[in-house]
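Have a look at the structure below before the remarks.
Convention: sequence-line order gives letters A, B, ...; per-chain numbering from 1.
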There are 2 protein chains.
Amino acid sequence: MSHTPGVRQAQKQKTRQALMDAALGLLEEQSLSSLGLREVTRAVGVAPTAFYRHFPSVADLGVALVEEALGSLHPMIRTTVSPAEDSDERIARAVELIAGHVAAHPAHVRFIARERHGGVQPVRDAIREQLARFAQEVKTELAKDPVSAGWSDADLLMLAGLYVDQMLVTGSLFLEALEVQDDQEAQDDHGAQKEARRRAADTATRQMRLISIGRRHWLD
Amino acid sequence: MSHTPGVRQAQKQKTRQALMDAALGLLEEQSLSSLGLREVTRAVGVAPTAFYRHFPSVADLGVALVEEALGSLHPMIRTTVSPAEDSDERIARAVELIAGHVAAHPAHVRFIARERHGGVQPVRDAIREQLARFAQEVKTELAKDPVSAGWSDADLLMLAGLYVDQMLVTGSLFLEALEVQDDQEAQDDHGAQKEARRRAADTATRQMRLISIGRRHWLD
DNA sequence: CCATGCAGTTAACAACTGTTCTCTGGAATT
DNA sequence: AATTCCAGAGAACAGTTGTTAACTGCATGG
């Protein structure tokens, strides 16, 4: 049943991906609930009706984007939180990892930040579900750490949630830093952007350090 | 100049407020970037062109909503963070205050959460500015607390930012708890909603407590 | 009391939207 | 080699959108 050996399915997935990419681009200056079906197909260069061959509606396109943006992130998160080495060094590594991810996939990060509380329910639900999975995974990693000895299940989950939220906050912070260059176009003022990036990393590091300190003294 | 004694100005502000209220209502199931001018005027019961007498565009309506939603919150925040009484009791009071605010003005909270990273730049900027003011105010209150003795300016600001972010996270958490009743309409299942509320308050309290612990041990 | 200002109306416009039905060409199956 | 399948095109539909211009009526200030 359908081993799909084909040139056919390949082309289909190619246009499907083109639709998703075009949508992601258009979503940089609007939200999903205002994204039109025709707008997307026009950007790709296909007929409006072709859209229906891939998604029943723009909302479903959004759900697919959620999985593209967050689905491949699970292993990365697991290895980052897993107990190892010195705490301060792990924090620095986590912050750098987030910064790198935002620099590599800014549109994905913006999409998640924007649609997490956005106007399209199925997309909100998909994001919430992925983040809940993240929290569960972080929780199981935290449980392995000797620091978590004696912690209740509820406490572990609350800390995992705090980490996940903080990850998103840090992500948007780096995203804002990336947008600094757009405001000043006089000369290529990469200095100000680098500055904003550095300040974002600094703030994120301090906040994660404070959380980590609170974690160590939780059972006092 | 312009003591505006009039019945005239009163009626104008009345329709202006009606436009804002209608917009806020419509924004419960979409985002601002998809909110149409005609949609709003239709909901109020005035001609589409009447809109221009009050706002140049929907984006400006959004900026006005930001000020309505956050402008009156400054004194409340200042008194909540100000140093007094026991720490755990202050946390409980803060969480209850947020819960009460969300219950009293759910549409405002949803609007801020949604448009903070939404698709309309002027609105994003307005929210960011208000939140920055919050952070500054929280910072000056934190500085008064003896616990903050020896803290650098950057550390105080980072903690203030953490508190502000946590306030928003807690707000959306309570908002999600409010929406639980919509999912199950069989009977008036207020039990599940109360449960969700309780769990949200519990999580928020634990998280703030952990942050507060990290704060006390920051200078170790 | 009369002239002005201005909140709100009416009508019309070109442009755009999502969705339907019908059709086509080429890959996939037999 | 003949047939089926199906991604995409094309045309047409009924609604919707933002914005314009010219208007009406009433509270205001002289």
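Between the side chain of B/Thr49 and the base of C/dT10, a donor-acceptor pair under 3.5 Å is found.
For the helix from C/dC1-D/dG30 to C/dT30-D/dA1, the end axes, each set by the C1' atoms of five terminal pairs, are bent relative to each other by 20° (nearest 10°).
Taking the side chain of A/Arg8 as heavy atoms from C-beta on, and the options D/dA9, C/dA27, D/dG25, the nearest nucleotide is C/dA27. Of the candidate nucleotides C/dT9, C/dA7, D/dT19, D/dT19 has the atom nearest to the side chain of B/Pro48. Among the nucleotides D/dA9, D/dA27, D/dT20, the one closest to the side chain of B/Tyr52 is D/dT20. For B/Lys12, the side-chain atoms get nearest to C/dA7 when compared with the rest of C/dA7, D/dA21, C/dT19.
In this structure, the CZ atom of A/Phe55 is 15 Å from the C1' atom of D/dG8, given to the nearest Å. Between the P atom of D/dG8 and the CZ atom of A/Phe51 lies a distance of 13 Å, rounded to the nearest Å. Atom pair A/Leu37:CG and D/dG8:C1' shows a separation of 14 Å (rounding to whole Å applied). Across the protein-nucleic acid pair, B/Gln9 atom CD and D/dC26 atom P stand 19 Å apart, rounded to whole Å. The distance between atom CZ of B/Arg53 and atom C1' of D/dT20, rounded to the nearest whole Å, is 13 Å. Regarding A/Arg16, its CZ atom lies at a distance of 12 Å from the P atom of D/dG8, rounded to whole Å. The distance from atom CD of A/Glu39 to atom P of C/dC16 is 11 Å, rounded to the nearest whole Å. In this structure, B/Leu35 places its CG atom 16 Å from P of D/dT16, rounding to the nearest Å.
Nucleic acid contact class of A/Arg42 (heavy atoms, under 4.0 Å, all strands): sugar-phosphate only.
Annotation: of the two residues near DNA chain C, A/Val58 and B/Arg38, the 5′-most nearest-nucleotide partner is B/Arg38.
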Under 3.5 Å, sequence neighbours excluded: what are the donor-acceptor pairs made by side chains of residues 158-175 of chain A?
residue, atom, partner, partner atom, Å
A/Asp165, OD1, A/Arg116, NH2, 3.2
A/Gln166, NE2, A/Gln207, OE1, 2.6
A/Thr170, OG1, A/Gln166, O, 2.8
A/Ser172, OG, A/Leu168, O, 2.8

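Comment: B/Glu96 does not engage B/Arg93 in a salt bridge, judged by the lack of any side-chain N to carboxylate O separation of less than 4.0 angstrom. Classification of A/Glu28 and A/Arg110 as a salt-bridged pair holds, one side-chain N sitting under 4.0 Å from a carboxylate O. Taking 4.0 Å as the cut-off between side-chain N and carboxylate O, A/Arg199 and A/Glu176 do not count as a salt-bridged pair.
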Taking it one step at a time, do A/Arg197 and A/Val180 satisfy side chain to side chain contact (heavy atoms under 4.5 Å, CB included)?
CA-CA 9 Å; A/Arg197 250 178 100 87; A/Val180 166; over 6 Å; no

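B/Thr15 has a side-chain polar atom (N or O) that falls below the 4.0 Å cut-off from OP1 or OP2 of C/dG8.
Contact annotation: the side chain of B/Phe51 approaches that of B/Val58 to within less than 4.5 Å [non-hydrogen atoms, C-beta and beyond].
In this structure, a donor-acceptor pair under 3.5 Å is present between the side chains of A/Gln17 and A/Glu68.
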